[in-house]
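In the text below, chain A, chain B and the rest are named by the order of the sequence lines, each starting its count at 1. None of these values were measured; they are calculated from a predicted model. Atom set for the values below is all heavy atoms of this structure, side chains included, hydrogens, waters and symmetry mates excluded.
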Number of protein chains: 2
Amino acid sequence: MQLMNDTRLIFGESLHRLMHAYQRAMREGFRAHDIDLTVAQVRVLKCVAAADAPTVQGVAARMDSDRGQVTRAVAQLRERALVTQRDNTADRRMPLLAITSSGQARLARVIDIQAAAGRRMAGGLTDADVARFVAIADQMTDALHSDDGAVVDG
Amino acid sequence: MQLMNDTRLIFGESLHRLMHAYQRAMREGFRAHDIDLTVAQVRVLKCVAAADAPTVQGVAARMDSDRGQVTRAVAQLRERALVTQRDNTADRRMPLLAITSSGQARLARVIDIQAAAGRRMAGGLTDADVARFVAIADQMTDALHSDDGAVVDG
DNA sequence: CGCAGATCATTGACGCTGTCAATGAAATCG
DNA sequence: CGATTTCATTGACAGCGTCAATGATCTGCG
């Protein structure tokens, strides 16, 4: 139990610094390769590419993000002709998004950069380590979400 | 190697969502317990409490953060009388920071809240899992840092 | 059908965080 | 002593997350 306190207390700091370093690596990689996109725009672009019938609402849910934020990112991606939006006859409130071929090309380059960063980051780690890390991270995220409205009583 | 690509590509997304959920849990916990501090202020407060002869520069280095950002956080903590600043006779450019008893009391409450959030988050995980997670995270951060100026060549 | 409430995209406003540049004070090195 | 460096501080700005308001559209109910 003493161990738990020690470990849990540095946890937030470790997570914060890793996130920081990762975001910075992404930003630098994007800049070095003239990818004119922010991290958030890339996340949205990925979701649009991966989803079946992507809408702002769907992307926001998948990213656990604000709808307004997704709307803005989509607007910026549309300005760059990386994403299109067309009317949804089934529900006119939710236009359907789609990635363009331009967007797919850009995304392919982004994925290369991210893979390179991932390789750099996981230099001394095995695939099993990385997989374990991701599994633990997802489990933690789920635990926090399942408890969403719960009051934290110290 | 195909596994690696799969795992590494979702890695960023997992990390992002975990960070997001964690920050949100912290913010909500602080608000619920009337801790009138931001996440960054808490991080600085912790560093000041833990360091030997804390200065803005030292805290910034430890947090891998901008000096200006630390200066602002310190200013806010000083407004709340959680941190003090006194002249450093050895080097007058770098005033020495110190946590007040008020600050220590506040920090103790924060640590309780973070421990509770950690418990919630790591519900189904063993201490060993958490320790492993932290170890991997730190190793990744170091790997990214050691390579700092390196160009990412996809 | 017609109306009330719900859901959606969009927009505006605001705060926190991170980055960069400029300034002035103080130390260091020659 | 003078040039350079290091430091805290401040200002400006962008990215990101949150909240609230608006208007369009859908759904369910009488």
Could you state the [atom1]-[atom2] distance from [X] to [N], rounded to the nearest angstrom?
| X | N | atom1 | atom2 | value |
| --- | --- | --- | --- | --- |
| A:Asp36 | D:dA14 | CG | C1' | 13 Å |
| B:Met94 | D:dT6 | CE | P | 12 Å |
| A:Gln23 | C:dT19 | CD | C1' | 13 Å |
| B:Leu37 | C:dT17 | CG | C1' | 16 Å |
| A:Arg17 | C:dT17 | CZ | P | 18 Å |
| A:Gln41 | D:dG17 | CD | C1' | 15 Å |
| B:Leu96 | D:dA8 | CG | P | 10 Å |
| A:Asp87 | C:dA9 | CG | P | 13 Å |

message: Please report the interatomic distance CG(B:Leu125) to CD(A:Gln139), rounded to the nearest 0.5 Å.
response: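 Between B:Leu125 CG and A:Gln139 CD, I get 4.5 Å after rounding to 0.5 Å.
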
message: How long is the straight-line distance from CG of A:Asp142 back to CE of B:Met121, given to the nearest 0.5 Å?
response: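 Reported to 0.5 Å precision, the distance equals 12.5 Å.
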
- prompt: With nearest nucleotides of DNA chain C determined for A:Gly58 and A:His16 from heavy-atom distances, which residue corresponds to the more 5′ nucleotide?
  reply: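 On the 5' side of the pair lies A:Gly58.
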
[N] phosphate, OP1 or OP2, under 4.0 Å from [X] side-chain N/O:
| X | N | answer |
| --- | --- | --- |
| B:Gln69 | C:dG18 | yes |
| A:Arg67 | C:dT11 | no |
| B:Thr71 | D:dT10 | no |

query: Can you find an N or O donor on one side and an acceptor on the other, under 3.5 Å apart, linking the side chain of B:Arg93 with the base of D:dT6?
result: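 Per atom types, the contact qualifies.
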
Taking only the side-chain heavy atoms of [X] (C-beta and beyond), determine which of [options] contains the nearest atom.
| X | options | answer |
| --- | --- | --- |
| B:Arg72 | C:dT10, C:dT19, D:dT9 | C:dT19 |
| B:Arg92 | D:dG17, C:dT19, C:dA27 | C:dA27 |
| B:Asp91 | D:dG17, C:dT17, C:dA26 | C:dA26 |
| B:Val56 | D:dC26, D:dC16, D:dT9 | D:dT9 |
| B:His20 | D:dT18, C:dT17, D:dT10 | D:dT18 |
| A:Pro95 | D:dC7, C:dA9, C:dT19 | C:dA9 |
| B:Thr38 | C:dC16, D:dT9, D:dC7 | C:dC16 |

- prompt: Do B:His33 and B:Asp112 get their side chains close enough for a donor-acceptor pair, meaning under 3.5 Å?
  reply: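 Result is no, nothing qualifies.
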
Donor on one side chain, acceptor on other, A:Gln114 and A:Lys46, under 3.5 Å: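 Checked: A:Gln114/A:Lys46 side chains pair up, N/O donor to acceptor below 3.5 Å.
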
message: Quick check: on DNA chain D, is the nucleotide nearest A:Thr89 upstream (toward 5') of the one nearest A:Gly68, or the reverse? Name the residue that is more 5'.
response: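 Of the two residues, A:Gly68 wins.
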
Pairing of B:Asp129 and A:Arg132 as salt bridge, 4.0 angstrom limit: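 Counted as a salt bridge, because a side-chain N and a carboxylate O are separated by less than 4.0 Å.
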
field: Basic-acidic side-chain contact under 4.0 Å: B:Asp36, B:Arg31
entry: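 Salt bridge absent between B:Asp36 and B:Arg31.
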
Classify [X] by what it touches in the nucleic acid, base, sugar-phosphate, or nothing, heavy-atom distance under 4.0 Å.
| X | answer |
| --- | --- |
| A:Thr55 | sugar-phosphate |
| B:Val39 | sugar-phosphate |
| A:Gln85 | sugar-phosphate |

